[in-house]
Protein chains: 2
Amino acid sequence: MDDDEPTSIWMRPERQERSGPGRRPGYSREQITRTAVQIADAEGVEAATMRRIAGELGTGAMSLYRYVPRRDDLFDLMIDQAMAEVELPDGPSGDWRGDLILLAGETRTIGLRHPWLIALLTSRPTLGPHLLRVHEFALDAFDGLGLDIDDITGLVGMLNDYLHSAIRREIGWLEETRRTGLDSERWKRDYMGPYVRQVVESGAFPMFNRSVLDSRTAHLTPEERFRHGLDRILDAIAALIPSLRPR
Amino acid sequence: MDDDEPTSIWMRPERQERSGPGRRPGYSREQITRTAVQIADAEGVEAATMRRIAGELGTGAMSLYRYVPRRDDLFDLMIDQAMAEVELPDGPSGDWRGDLILLAGETRTIGLRHPWLIALLTSRPTLGPHLLRVHEFALDAFDGLGLDIDDITGLVGMLNDYLHSAIRREIGWLEETRRTGLDSERWKRDYMGPYVRQVVESGAFPMFNRSVLDSRTAHLTPEERFRHGLDRILDAIAALIPSLRPR
DNA sequence: AGCCATTCAGGTACCATGTACGCAAATGAG
DNA sequence: CTCATTTGCGTACATGGTACCTGAATGGCT
């Protein structure tokens, strides 16, 4: 009997090799997921089709369905395999700011290593074990400060929102420069996209123009920019904590 | 000569009805976009296929390509048509906090009216005229406070990040309750998703458990929760402003 | 050893979707 | 009236997810 309820992939264990009758599996979820991740890293997640993954493994597309119910579930597995690469200590150190800087750096590293990760993460509500582990670390960093759990969730959300959009921005910028082959200085006057140039030259949006033309963080390295924004978020969190703590 | 460069949709004007020879257009970008928006509102963006939109208009799929170069461009048009519904005064009032609360409320209204909007917005870097108008309003609210343009961009980014994830959360929650038909009180003990229940019962992630089980904002209406989170973000921004202002 | 239930491999096939191409119909200038 | 031009849209193809089916492998049971 095949139960075909559309339940989470994390509730569907891989067929383990019990010593019963039947042919033994020639592949594994982990192997399939790793292959999918490799393809997505190299050519984008849209290249990781079932046929392509199977081809890379030297088999037919339908074989994968012995291991993964649907393609979407494979995305969840990919996300969690990437999250597994996030290296964190077992528990928080007591220095919440230091812990979050550590977490932020790890997240950025993994997010850039797998440029599809953040996009998938925001498009799918998934809660794999490794994502839970990372999330728990973030929540834990705020424990013991006298904060309400809802406030903690909110602060972690603030941090995550920043991390995701900063990493997304960095990836977008990387793809842009890779496609055009221009460095950031020449970009704004030589390329900048014909449309953005037109908008800028129209002068219809003065503040937008300033944000495009007068940016003083343009000469910073991406990592410095990331760190700068992170410091602002952490400043904001630090400023918020006293007012949240019920005295 | 057809120029087929993949440039932004905003650079490709719709064929206006010049008084030359040739059959006159029977449809329009706006009409097509409106139809797509209606379908997406009612059945999700994945239902708004080219064939379906065309069918709704009583024509064939390929007719749409006389008005829109690619389906992706239609997404940009949909986004901007939704953003056009955001009602804002011409300029900021001088009370930045009030202006941002106004903007946040409008964004939430439109985001909930078009549940696909936020997802599309974060998956596509688009800059249609109405999105620019709204963005300009946000930037403008921070003008005159002695802030660097980069800092202003950062603060607007913080606010937008919050708005997007709060609205996304609310939409997810709406879909969840619509699918299960359960109210929030019964949800956590009757449904909560078999997987989340398993995670909670495993006790492996104590802080996560608290965030699921001990939430005190659960009894608030979605709007109150939104407003509460918004106030926190604005508090954070207010706390940040003095330190950003070069004295 | 031989039968058999069970499980896997993977080919074939179906359906949905984006969209290139081409031709016919409409339209206004000359 | 002629004809270049532009739209309407049917046909067709490529791609991708995946249902189904057949055959092969495997180990327990008699």
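Because the structure is a prediction, the values reported are computed rather than measured. The chains referred to below are lettered A, B, ... by the order of the sequence lines, with proteins before strands, and numbering in each begins at 1.
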For the side chain of B/Arg70, counting heavy atoms from C-beta on, which of C/dG28, C/dT19, D/dC9 is nearest? C/dT19
Any A/Arg24 side-chain N or O less than 4.0 Å from OP1/OP2 of C/dT6: no
Using the side chain to side chain contact (heavy atoms under 4.5 Å, CB included) rule, take B/Leu57 and B/Leu64 through it: C-alpha gap first, then chi angles, then the decisive distance, then the call. CA-CA 10 Å; B/Leu57 287 166; B/Leu64 306 185; 4.2 Å; yes
Measure from the side-chain heavy atoms of B/Met62 and tell me the nearest of D/dG27, D/dC9, C/dA9. D/dC9
Thinking salt bridges, do A/Arg108 and A/Glu170 make one under a 4.0 Å N-O criterion? yes
Grab the OH-P distance between B/Tyr67 and C/dT19 for me, whole Å please. 18 Å
Would you kindly compare B/Ala47 and A/Gly26 by the position of their nearest DNA chain C nucleotide and give the one closer to the 5′ end? A/Gly26
Can you see which heavy atom on B/Leu103 is nearest to which on B/Ala138, and at what distance? CD2-CB, 3.6 Å
Whole-Å distance between D/dG16 P and B/Glu46 CD? 20 Å
Closest to the A/Arg71 side chain: D/dG17, C/dA9, C/dG18? D/dG17
Rounded to the Å, how far apart are A/Leu64 CG and C/dA9 P? 10 Å
Please walk me through it: do A/Glu85 and A/His130 pass side-chain hydrogen bond (donor to acceptor under 3.5 Å, both in side chains)? CA-CA 9 Å; A/Glu85 297 173 16; A/His130 282 103; over 6 Å; no
Expressed as a whole number of angstroms, how long is the span from A/Tyr27:OH to C/dA9:P? 6 Å
Rounded to the Å, how far apart are A/Glu14 CD and C/dC8 C1'? 13 Å
Taking only heavy atoms on the protein side, list every residue of residues 28-43 of chain A lying under 4.0 Å from any atom of DNA chain D, sorted numerically. none
Hey, does the side chain of B/Arg23 come within less than 4.0 Å of C/dA25's phosphate (OP1/OP2), counting only N and O? no
Determine, step by step, whether B/Asp76 and B/Trp10 satisfy the side chain to side chain contact (heavy atoms under 4.5 Å, CB included) criterion, reporting the C-alpha distance in whole Å, the side-chain angles of both residues, the deciding distance to 0.1 Å, and the verdict. CA-CA 9 Å; B/Asp76 287 349; B/Trp10 313 112; 4.1 Å; yes
For B/Leu139 and A/Phe205: C-alpha separation, side-chain torsions, deciding distance, then whether side chain to side chain contact (heavy atoms under 4.5 Å, CB included) applies. CA-CA 10 Å; B/Leu139 293 170; A/Phe205 305 103; over 6 Å; no
Which heavy atom of A/Ile167 sits nearest to which heavy atom of A/Thr107, and what is that distance? CD1-O, 3.7 Å
With salt bridge (Lys or Arg N to Asp or Glu O under 4.0 Å) as the criterion, how do B/Asp41 and B/Arg113 come out once you've worked through the C-alpha distance, each side chain's angles and the decisive distance to 0.1 Å? CA-CA 7 Å; B/Asp41 286 351; B/Arg113 184 182 301 161; over 6 Å; no
Under 4.0 Å between a side-chain N/O of B/Ser63 and OP1 or OP2 of D/dC9, yes or no? yes
Determine whether B/Val45 and B/Phe75 satisfy the following criterion, side chain to side chain contact (heavy atoms under 4.5 Å, CB included), listing intermediate values before the conclusion. CA-CA 9 Å; B/Val45 68; B/Phe75 287 152; 3.7 Å; yes
Near DNA chain C, counting only heavy atoms under 4.0 Å, which residues of residues 48-58 of chain B show up? B/Thr49, B/Met50, B/Arg51
Name the nucleic acid region contacted by B/Arg66, choosing base, sugar-phosphate or nothing; use a 4.0 angstrom heavy-atom cut-off, strictly under. base
